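The structure appears right after this line, and notes come after that.
All values below come from the heavy atoms of this structure, side chains included, with hydrogens, waters and symmetry mates left out. All figures in this text were calculated on a predicted structure; none of them were measured in a lab. Chain letters run A, B, ... following the sequence lines, proteins first and then strands; every chain starts at 1.
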2 protein chains.
Amino acid sequence: MSASPRAANTKTAILDVAERLVQRRGFNAFSYGDVAAELGITTAALHYHYASKSELGESLITRYAATFEGALQAIDATAEEPPAKLAAYCDIYRRALAGHRMCLCGMLAAEFETLATPMRDAVVGFFEENERWVAGLLESGREAGGFSFAGTAQRSARMVIAALEGAMLVARPYGDLEMFDEVAGRLLSDFAPA
Amino acid sequence: MSASPRAANTKTAILDVAERLVQRRGFNAFSYGDVAAELGITTAALHYHYASKSELGESLITRYAATFEGALQAIDATAEEPPAKLAAYCDIYRRALAGHRMCLCGMLAAEFETLATPMRDAVVGFFEENERWVAGLLESGREAGGFSFAGTAQRSARMVIAALEGAMLVARPYGDLEMFDEVAGRLLSDFAPA
DNA sequence: GTCTATAACGAGATAGAC
DNA sequence: GTCTATCTCGTTATAGAC
């Protein structure tokens, strides 16, 4: 065993801890000290892997977006109908909330004005990609007859994402997963054909 | 600057500046120094008016909730029909977004885990009050025939608030007011009778 | 790759003069 | 009611030893 595999593990472990802290407390409310203490290393070691907090933030978003994209492709790969796929999409958000986490990019959207440009661009990119995917799903569902809605698919996609991000935001203070389910359930039934 | 006529209203001026900073940057990303510098006073003077940052935060939410409540009563006092009242409700959020601001309590909801108990309670109280008001409006609209929706009014009210908070959250990074309008417009048309 | 040590700064908060 | 001065602590970040 060389020393290299260990390095990759530490990098990943840092991302894991930082990701959870950002999703729960926000980017401006976690510190290198928090992450270092939890991993049993020093902040200096942390700076070896991620030179600056902004750099760590960029890596956080990049990995999160890639994981999210993977989840979307997994949904696409199922033989389910569009309504079931939309439900699966809602469930991605639900699982984060069940872990007392906000969507990473939803949290960063709140703190948007305090972020460096590279992080801002990455956050916007995440939402654009999601909007594109949801719009595609809605459109194919409308063509297949599983969905019914007025206006453009893009407009409805924005509604879906806004409602889900907002549901997480508001349900978390209540500590009420059922409140999220109510919003998601209502969202799904809104697209059901009459 | 020392002869500012604002001197007698320092407490209010502090709230004004702090409120804008929290709505734009978040509670954890503004400091006594930021507020003091903008007002041309020292942080020591600030501590005279608000002994701690948490105390300032509580006053911020209390005033915000009262102002919001006043806006709701103003809507109630109009002779408009429920759909027009719901549109007016959406417009409260829209005006904040036009000023590049998140809803104060939406921002604090993101930072919820980092807040002291009194601030948490005040944030939850704000959302409960809003949910109550919107549910009442939806119910009276359904009875009068201006609205049509399935399920309980409370459930639909949660959907409305989640969508509006989420629309603000997601639209702000884009700097796109029209994106908020799309979500709000879709929300309003969803409640229109078939 | 991780450590010790420390720099450099900003934060919230307090004491006491005016 | 506001000031100067100061305290204490936490933060990001760097230098250099191991």
Side-chain angles (χ1 to χ4, degrees), chain A residues 1-22 24-61 108 111 113-119, chain B residues 1-22 24-61 107-108 111 113-120:
Chain A
M1 273 210 234
S2 65
S4 357
R6 172 70 199 277
N9 288 340
T10 301
K11 270 183 106 77
T12 301
I14 291 167
L15 289 182
D16 290 342
V17 172
E19 184 182 72
R20 190 188 71 248
L21 290 174
V22 174
R24 293 186 61 146
R25 305 174 51 84
F27 191 74
N28 294 317
F30 95 100
S31 71
Y32 267 41
D34 295 332
V35 179
E38 192 164 331
L39 292 176
I41 58 176
T42 63
T43 60
L46 238 141
H47 276 283
Y48 170 80
H49 295 285
Y50 300 98
S52 71
K53 199 181 174 187
S54 277
E55 207 170 291
L56 171 56
E58 288 178 58
S59 296
L60 239 27
I61 306 171
L108 295 176
E111 301 176 293
E113 290 208 8
T114 72
L115 304 180
T117 305
M119 285 187 68
Chain B
M1 294 270 282
S2 58
S4 169
R6 185 195 56 233
N9 294 332
T10 303
K11 267 182 106 78
T12 301
I14 291 167
L15 289 182
D16 290 341
V17 172
E19 185 182 71
R20 190 188 71 248
L21 289 174
V22 174
R24 293 187 61 147
R25 305 175 50 84
F27 190 74
N28 293 319
F30 94 99
S31 72
Y32 268 40
D34 295 332
V35 178
E38 192 163 332
L39 293 176
I41 58 176
T42 63
T43 60
L46 237 144
H47 276 285
Y48 169 80
H49 294 286
Y50 299 98
S52 71
K53 199 182 175 186
S54 278
E55 208 170 289
L56 171 57
E58 287 178 59
S59 295
L60 239 28
I61 306 171
M107 181 64 87
L108 295 176
E111 301 176 293
E113 289 207 8
T114 72
L115 304 180
T117 305
M119 285 186 68
R120 292 188 183 193

Whole angstrom value for the distance that separates P of D:dT14 from CG of A:L46
13 Å
Nearest heavy-atom contact between A:Y50 and A:Y32 is O-OH, 2.8 Å
For A:D34, which residues count as a salt bridge (charged side-chain N to carboxylate O under 4.0 Å, His left out) partner, sequence neighbours excluded?
none
Measure the shortest side-chain to side-chain distance between A:R20 and A:E38 over non-hydrogen atoms and say whether it is less than 4.5 angstrom.
yes
Take atom CG of B:L39 and atom P of D:dG1, then tell me their distance rounded to the nearest Å.
15 Å
Picking from D:dT2, D:dT12, C:dA13, the nucleotide nearest the side-chain atoms of A:K53 would be D:dT12
Would you say the side chain of A:L56 lies within less than 4.5 Å of the side chain of A:F30, judging by non-hydrogen atoms?
yes
Checking side-chain contact (heavy atoms from CB on, under 4.5 Å) against A:L46, which of A:L39, A:V17, A:I14 comes through?
A:I14
Considering all heavy atoms of both residues, which atom of B:A29 and which atom of A:N28 are nearest to each other, and what is their separation?
CB-ND2, 3.6 Å
I need the CD1-C1' distance between A:I14 and C:dT2, as an integer number of Å.
11 Å
Is the phosphate of D:dT11, meaning OP1 or OP2, less than 4.0 Å from a side-chain N or O of A:S31?
yes
Integer-rounded Å distance: D:dT14 P and A:H49 NE2
16 Å
For atom CG of A:D34 and atom C1' of D:dG10, their distance in whole Å
10 Å
Looking at A:R25 and B:T114, would you say the former's side chain and the latter's main chain have a donor-acceptor pair under 3.5 Å?
no
For nucleotides 7-9 of chain C, which of its nitrogen or oxygen atoms have a protein nitrogen or oxygen under 3.5 Å away, and what is each distance?
none

Considering only nitrogen or oxygen atoms on both sides, find all protein atoms under 3.5 Å from nucleotides 3-7 of chain D and state each distance.
| from | atom 1 | to | atom 2 | distance (Å) |
| --- | --- | --- | --- | --- |
| D:dC3 | OP2 | B:T42 | N | 2.6 |
| D:dC3 | OP2 | B:T42 | OG1 | 2.9 |

Of all the nucleotides listed (D:dA13, D:dG1, C:dA13), which has the minimum atom distance to the side chain of B:Y48?
D:dG1
Does the structure place the NZ or CZ of B:K11 under 6.0 Å from the centre of the six-membered ring of B:Y48, at an angle of no more than 45° from the ring's axis?
no
To the nearest Å, give me how far apart CG (B:L56) and P (C:dA13) are.
10 Å
Assign A:Y50 to base, sugar-phosphate, or nothing according to its heavy-atom contacts below 4.0 angstrom with the strands shown.
nothing
Send over the distance from B:E55 CD to C:dA13 C1', rounded to a whole Å.
12 Å
Side-chain N,O (A:H47) to OP1/OP2 (C:dT2) below 4.0 Å
no
Shortest non-hydrogen contact between B:F27 and B:L108, atoms and distance
CB-CD2, 3.7 Å
